[in-house]
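If you're wondering where the values come from, they're calculated on a predicted model, not measured in any experiment. Letters A, B, ... mirror the listed sequences (proteins, then strands); counts begin at 1.
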Number of protein chains: 2
Amino acid sequence: MEEKLDLLRQHFEELFALTDDEWNFVKSQFQYKSLKKHQFLIQSGQSVDFEYWIINGLVKAYSIDDKGKEHILQFAMENYWVSDHCAFQHQEPGSIFVDCLEDSEFFCLSLENREKICLEVPAVANFFRIKSNNGYINLQQRILSLLTMTAESRYEYLLNKLPKLIQRVPKKLIASYLGVSRETLSRFNS
Amino acid sequence: MEEKLDLLRQHFEELFALTDDEWNFVKSQFQYKSLKKHQFLIQSGQSVDFEYWIINGLVKAYSIDDKGKEHILQFAMENYWVSDHCAFQHQEPGSIFVDCLEDSEFFCLSLENREKICLEVPAVANFFRIKSNNGYINLQQRILSLLTMTAESRYEYLLNKLPKLIQRVPKKLIASYLGVSRETLSRFNS
DNA sequence: CTTGAAAAGTGATTTAGGTCACTTTTAGCT
DNA sequence: AGCTAAAAGTGACCTAAATCACTTTTCAAG
């Protein structure tokens, strides 16, 4: 477990250094969780008590529309953060599902503990500030790609940007992430 | 000018209180800017030296595709923050335009000054952390709406969510924000 | 008030991508 | 290795929305 916590410390310290005292306080606020492929991390309708840092593994976050179709909001793997951020932040029942595409391990942070470490340790507040800002930037680019690009060029773009992800994820899920049908995606490129 | 700065202080203090000393330091890091309708705040290809808090007025942030078509990323009015966040954060030439739909006033914050006040005043770091997180949540919802809803229901949704905005903005810009053609939007509801 | 430009509306036509139905391929599990 | 189920490919057809071309309405500036 200590090595896994070290990975998390490294992750924090990519942006801002922490003293040993600060880190010992910070790490005590996380709890560990492990899930097998196909198990759920978050389910629509249930409370969302944590945001999750992924130690290793791969998950998908998605919503299900009225016709039962799944729409992928995010793929998240090792070193990523994932949650139903909206439900988590407002402490209300979630509206999306997150489940494991591979066996996965997580460090879990409650809202209360997140606010505690952010107020106690300014470096952590700054860490989450920069992380959220980067996340915002990524989503803006995804929105622009949805507004400006054809489904085919969004696919090419993703192939370039995250080639490793494409390997690990069935194409029908990629299709759902891109907002295109499985059949149409299958007719792309060659 | 002091009243305008007071508005900014109130904006910060909606989330975290500041001492007078902190505020005096923070406010000294902003500069004022005023633009008339149709003037540009940010232009594609140019450096993006600031992020902007809008004192009053209304702007649109958009990109232009290869066919010259405009795609609206964001409308921003009083109390909103706007920039080409990607270019600003990475200090590289911008790829979007921001121009004024109405006469507008701004407080401008450089990256250097933002980092300075965030490191100096933890409440400010926490302010931007929460703001970015909320922004992230909003963009996730917009992505979901693009993936799951028809153009018509996105329009109805926007009518409910931001009725005041619809009043202030020509419908062809709303269409561009929703990712639908002007003509198609015009055929909706009635 | 007038007038020129921008915005909005509308019909006709085209098209990207969805849906349905079925086949082929691939990947896990005993 | 053999079997089942999921994933991927493919043809035929359909539809939401784009595009094009034009008219009507609204608005702002002299």
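- Taking atom CD on A:Gln167 and atom C1' on D:dA7, their separation rounds to 15 Å, with Å as the unit.
- The backbone N or O of B:Asn138 sits nowhere less than 3.5 Å from a side-chain atom of B:Gln141 that would complete a donor-acceptor pair.
- In this entry the distance linking CG of B:Leu147 with P of C:dG18 reads 11 Å, nearest Å.
- When side chains are defined from C-beta on, B:Glu105 does not count as touching B:Ile54, because their heavy atoms never get closer than 4.5 Å.
- Computed from coordinates, the A:Phe188 CZ to C:dA16 P distance equals 11 Å when rounded to whole Å.
- Between the side chains of B:Asp21 and B:Thr19, no donor-acceptor pair is found at a separation under 3.5 Å.
- Atom C1' of nucleotide D:dT15 and atom CD of B:Glu152 are separated by 15 Å, given to the nearest angstrom.
- Between the P atom of C:dA8 and the CD1 atom of B:Ile166 lies a distance of 11 Å, rounded to the nearest Å.
- A:His11 places no side-chain N or O within 3.5 Å of a backbone atom of A:Leu7 that could act as its donor or acceptor partner.
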> Which letter, B, S or -, goes with each nucleotide of nucleotides 23-30 of chain C from 5' to 3', with contact meaning a protein heavy atom under 4.0 Å?
Replying inline: --------
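- Between B:Lys69 and the phosphate of D:dT19, there is a side-chain N or O to OP1/OP2 separation shorter than 4.0 Å.
- Side chain of B:Asn133 to main chain of B:Arg129: no donor-acceptor pair is present (N/O by atom type, distance under 3.5 Å, no hydrogens or angles).
- Residue B:Asp103 contributes atom CG, which lies 14 Å from atom C1' of D:dA28 at whole-angstrom precision.
- When distances run from any side-chain atom of A:Lys172 to the nucleotides C:dG17, D:dA7, C:dA8, the shortest one goes to D:dA7.
- The 12-atom threshold is not exceeded at OH of B:Tyr80, counting heavy atoms of other residues, nucleotides or ligands nearer than 6.0 Å.
- Remark: the backbone N or O of A:Ile72 is paired with a side-chain donor or acceptor of A:Ser176 at under 3.5 angstrom.
- The interatomic distance linking A:Tyr155 (OH) with C:dG17 (P) rounds to 15 Å, in whole Å.
- The nearest whole Å value for the distance from the NZ atom in A:Lys67 to the C1' atom in D:dT15 is 13 Å.
- Taking the side chain of A:Thr150 as heavy atoms from C-beta on, and the options D:dT19, C:dA7, C:dG17, the nearest nucleotide is C:dG17.
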>> Please encode protein proximity along nucleotides 9-15 of chain C as a string of B, S and -, counting only heavy-atom distances under 4.0 Å.
In response: BBBB---
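- Counted by atom type alone, B:Gln140 and A:Arg142 present zero donor-acceptor pairs between their side chains at under 3.5 Å.
- Annotation: salt bridge (charged side-chain N to carboxylate O under 4.0 Å, His left out) contacts of A:Lys60 (sequence neighbours excluded): A:Glu70, A:Asp99.
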